[in-house]
Amino acid sequence: MSESDGTPVQIAAFTRRASQDASLLKTLNDGVSEQLRANDGVVVDGPMAGVPLLLLHTVGARSGAFRVNPLVQLDYQGRWFVVGSFGGLDKDPAWVHNLRANPHARVEIGATVHTVTARELSMPERDEIWDALVVMNPTFAEYEKTMTRVMPVFELRR
């Protein structure tokens with residue numbers, strides 16, 4: 001099997017490698033973003049093919065620069081959630097720091113752009129929905145096997 005088959009183990013291994021290499025991560029994110037925009041919100045090729053994704057637009061906490069990150073889109077009980085997995089690394093991705101500093105953001109889902117306010121879930125709130133989020137994206141379970149940190153979960157309120 002190749003990485004493009006997209007099993008949770010393969011996606012976890014690929015995104016972990018990409019997260020450790022800034023240029024590879026940028027290439028991956030740019031490619032996924034291009035596919036999402038060209039295919040009405042669907043990735044059709046590569047390890048993320050078929051995975052429901054959104055594009056999160058934030059403002060850099062230190063730089064003030066606009067940032068765009070493709071993230072797994074988790075719809076649960078009519079609410080949107082994103083998880084700061086960072087490919088299973090033991091540090092939060094930059095977009096987590098950006099949302100903590102400025103929770104006002106935008107998301108692209110397909111051809112639609114939504115203005116959202118992000119709210120980080122407390123541990124009891126996170127624990128309450130975590131198993132459901134892992135069912136939606138089993139890659140999170142693969143990440144947990146090697147991580148010492150808890151992946152933050154944000155609700156994106158419209």
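All of these numbers come straight from a predicted model, not from anything done at the bench. Throughout, numbering of the chain's residues begins at 1 and tracks the sequence.
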Any idea which heavy atoms bring Asp90 and Thr146 closest together, and the distance?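 Smallest heavy-atom distance, with atoms named: OD2-O, 4.0 Å.
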
Write down the atom of Ala18, the atom of Leu24, and the distance for their closest heavy-atom approach.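 So the two residues come closest at CA-CD2, 3.7 Å.
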
For Glu142, is there an ion pair with Arg16 - N to carboxylate O distance below 4.0 angstrom?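 Result for this pair is no, no salt bridge flagged.
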
For residues [X] and [Y], determine if any side-chain heavy atom of one lies less than 4.5 Å from a side-chain heavy atom of the other.
X	Y	answer
Val51	Val43	no
Val153	Leu74	no
Arg37	Leu55	yes
Pro152	Arg100	yes
Val59	Phe66	yes
Thr58	Asn102	no
Asn98	Asn69	no
Trp130	Val83	yes

Is the charged tip of Arg67 near the ring of Trp95: under 6.0 Å from the six-membered ring centre and within 45° of its axis?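 The answer is no; the distance or angle limit is not met.
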
Do [X] and [Y] land in one hydrophobic cluster if side-chain heavy atoms of ILVMFWY residues count as linked below 4.5 Å?
X	Y	value
Val96	Phe81	no
Phe140	Leu28	yes
Val107	Leu133	no
Tyr143	Leu121	yes
Val68	Phe86	no

May I ask you to check whether over 12 heavy atoms, not counting those of Tyr76, lie within 6.0 Å of atom OH?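 Counting other residues, nucleotides and ligands, OH of Tyr76 exceeds 12 neighbours.
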
Would you indicate whether Glu125, at its atom CD, is surrounded by more than 12 heavy atoms from other residues, nucleotides or ligands within a distance under 6.0 Å?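 Yes.
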
Applying side chain to side chain contact (heavy atoms under 4.5 Å, CB included), run through His114 and Leu156 and close with a yes or a no. CA-CA 10 Å; His114 303 271; Leu156 303 176; over 6 Å; no

Could you state the interatomic distance from [atom1] ([X]) to [atom2] ([Y]), rounded to the nearest 0.5 Å?
X	Y	atom1	atom2	answer
Thr112	Leu54	OG1	CG	12.0 Å
His97	Asp92	NE2	CG	5.0 Å
Ile129	Glu155	CD1	CD	8.0 Å
Met136	Asp131	CE	CG	11.0 Å
Gln20	Thr15	CD	OG1	10.0 Å
Glu144	Arg149	CD	CZ	10.5 Å

Step-by-step side chain to side chain contact (heavy atoms under 4.5 Å, CB included) determination, Arg126 to Met151: CA-CA 9 Å; Arg126 180 197 179 280; Met151 289 177 268; 4.1 Å; yes

Can you list the steps and then say if Gln73 with Leu53 is a side chain to side chain contact (heavy atoms under 4.5 Å, CB included)? CA-CA 5 Å; Gln73 175 187 346; Leu53 300 172; 5.7 Å; no

Using side chain to side chain contact (heavy atoms under 4.5 Å, CB included), reason through Arg158 and Val116 one step at a time and then give a plain yes or no. CA-CA 5 Å; Arg158 297 168 262 188; Val116 297; 4.3 Å; yes

Give a yes or no on whether the backbone of Pro103 and the side-chain of Arg119 come within a donor-acceptor separation of less than 3.5 Å.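 Side chain of Arg119 to backbone of Pro103: no pair is present.
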
Test your reading of the model: is there a side-chain donor-acceptor pair from Gln35 to the backbone of Val44, 3.5 Å cut-off?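 Judged by distance alone, yes, a pair lies under 3.5 Å.
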
